Structures are given as C-alpha cells and as structure tokens.
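In this text, all values refer to a predicted model and were calculated from it rather than measured experimentally. Start at 1 and go down the list; that is how both ligands and their atoms are numbered.
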Amino acid sequence: MTLAIRACGLSDVGRSRRHNEDSFEIDSATRLFIVADGMGGHGHGEVASLLAVQAIGESVRGSLEAQREEVGDSQSSRRFLHRAFAEAQERIKRATREDPALSGMGTTAVCCLAGDARVLVAHVGDSRVYRLRSGHLSQLTEDHTWVNEQVQAGVLSLDEARFHPLKSVVTRALGADDGQDVDLLDLELLDGDLLLLCSDGLTTMLDDERIAEVLAGGQGLEDTCRQLVQAANDAGGLDNITVVTIAVGDR
Ligand code: CA
C-alpha cells in the first residue's frame, strides 16, 4: 500500500540578512523533498544551495526514470541518493573552478525520498529532518557541526550549543572536500507522521519544544509553515528560515 503524502514549503530571508541563501524543492510526483542552506558570502551561498537542489532533483528523477522497468527497492534508492549528492558536489566544484570568485561557496543539503511506506533521509551539514509521531518530536538527522561534536562528547549542553558563537561551523558541506560523505537513513513511514525539513535559521531560533508545539497545533500544512517562520522571526530571525512540512497518510 502506498501512503498518501502532501507537502508544503516556505522560505523567508529573516529579519537580519539581506540575501536568502536557502533553497528548497518539493517534487510531489517523485515524492522528493530537499532543503539546502548555502554559505559563501556576497550572495554566493544562494548559488550553491540552488545548484545543490537542482542537481539532486535532476539526478534522482533521472535515476528513477532509467529504472522504470525494474522493480524499485530501497537499495537502489540509496544508490540514487548517493549519486545525486555526488552530482551536487561535482556541480558546485565545477562552478567554483569556472568562476574563481565563487570559491569557498558551499551548502548543506537535506533530502527525503519517500517510497510507498518508507522514507530515505540523506543529509550533509546542519539542516535537519524532524518527525512528529503521536505528538512526540524526534530529530532524525545528526548535525555535522563542531558544536554537535562537543555535545556528543559531553562538553556542551544542547542549549549551550544553540547559542554558541561557533554554532554555525559545519564539519561537512557540499562544495567542501568531504562534501559527498552523506549520512543516509532508511525509515518506516506511518499514517499520521508529520515530517519537517528545515534550515538552521529555524532551529537556532526555536528549541525543539516550541517546534513540536507548532507542529502539533493541528493546522493545515500552509499555516504550520507560516507559523514556524513567524515564530523564528519573532524570536529574532537572525538567519534565513526555510521549512518543508510533509504530512503522511490522510491526516
Ligand atoms: Ca543558515
């Protein structure tokens, strides 16, 4: 049985940045959802995040198209995502080689590819995927950041990490040398699940409790996205804010 999926996304520049360097894509036909958060100064982060979203989308669609005659399984979907992130990495590197002014640009990328009743989650960097299930919020991805390494080592608390001056230092990014070192998760979807993809402009402004509160509010997806962005802006809006919400089943 294929679980129905509906999605909605919203990106906002926030209250203190001049450029929005986040990008996102919702491809409901392919059941593919991507958020990328670019970095690089002079608006170049915008180039990197857009290249990543385009490359991942095109690559996954191309792979799915090519295998249409075969039976799709999660093993091949994993391969598709690895290939898609490698393609994004290559495209950003190539753009940097062709225009040295872009050098140093990079991007996070987080991506969900839903099958009938499972979802593959791939990510590099500190954009996140959360899941609200039966009122309980779980962070599915692990940030590739210096502060998260300190949290894992017991040196920093979660709250200290959220407000740490080095909180945005990522240890992996597309465009950097280790860019295609992708984390992949293969998870079961349940009717009623609500997934959230987001950039760190949301999670540095709101703690998990507040995010859970908005997600569990029971409004439609559009209102949920708007309220998340509004709450992050109310809390300061220090960075670009991007959210993609995905409702699973007929909720
Ligand atoms: Ca950001």
Side-chain angles (χ1 to χ4, degrees), residues 9-26 33-56 85 88-89 92 102 104-112 121-130 139-151 156 158-176 178-179 182-183 196-208 210-211 214 225-245:
L10 187 61
S11 188
D12 188 85
V13 69
R15 293 174 57 189
S16 91
R17 298 282 174 92
R18 285 199 299 137
H19 297 277
N20 188 347
E21 303 197 313
D22 291 354
S23 297
F24 76 92
E25 182 174 323
I26 292 176
F33 311 93
I34 314 165
V35 167
D37 174 356
M39 58 208 86
H42 308 293
H44 295 158
E46 202 174 334
V47 178
S49 68
L50 191 61
L51 280 175
V53 164
Q54 288 172 342
I56 292 168
F85 274 66
Q89 165 81 347
I92 293 166
L102 295 171
M105 74 172 178
T107 186
T108 73
V110 63
C111 164
C112 287
V121 177
H123 91 289
V124 169
D126 64 354
S127 299
R128 293 179 180 172
V129 180
Y130 286 92
Q139 181 182 329
L140 302 180
T141 51
E142 178 99 1
D143 293 350
H144 301 141
T145 56
W146 180 83
V147 288
N148 187 43
E149 288 175 1
Q150 305 312 304
V151 170
L156 292 176
L158 276 177
D159 268 341
E160 284 167 340
R162 269 185 64 224
F163 299 110
H164 199 281
L166 297 179
K167 64 180 182 300
S168 28
V169 175
V170 292
T171 48
R172 287 190 226 171
L174 290 173
D178 50 5
V182 180
D183 280 2
L196 166 69
L197 286 68
C198 61
S199 62
D200 71 332
L202 183 80
T203 50
T204 50
M205 291 293 109
L206 305 181
D207 61 17
D208 286 5
R210 180 75 183 108
I211 293 171
V214 177
C225 287
R226 265 199 296 272
Q227 284 185 25
L228 287 168
V229 167
Q230 185 64 49
N233 275 326
D234 289 347
L238 295 179
D239 194 1
N240 309 141
I241 307 145
T242 300
V243 295
V244 169
T245 50

Quiz item: Does any N, O or S atom in Asp239 come within less than 3.0 Å of the Ca ion (ligand 1)?
Solution: yes

Quiz item: Which N, O or S atom name in Asp200 marks its closest approach to the Ca ion (ligand 1)?
Solution: OD1

Quiz item: Does Ser49 reach the main-chain N or O of Glu21 with its side chain, forming a donor-acceptor pair under 3.5 Å?
Solution: yes

Quiz item: Closer than 3.0 Å to the Ca ion (ligand 1), do we get an N, O or S atom from Asp37, backbone or side chain?
Solution: yes

Exercise. State which residues pass side-chain contact (heavy atoms from CB on, under 4.5 Å) with Leu166; sequence neighbours excluded, sorted by chain then number.
Key: Trp146, His164, Val169

Self-check item: Those residues that, when tested against Asp207, pass salt bridge (Lys or Arg N to Asp or Glu O under 4.0 Å) (two or more places apart)
Solution: none

Quiz item: If you measure from the Lys or Arg side-chain nitrogens to the Asp or Glu carboxylate oxygens, is any gap between Asp200 and Lys167 under 4.0 Å?
Solution: no

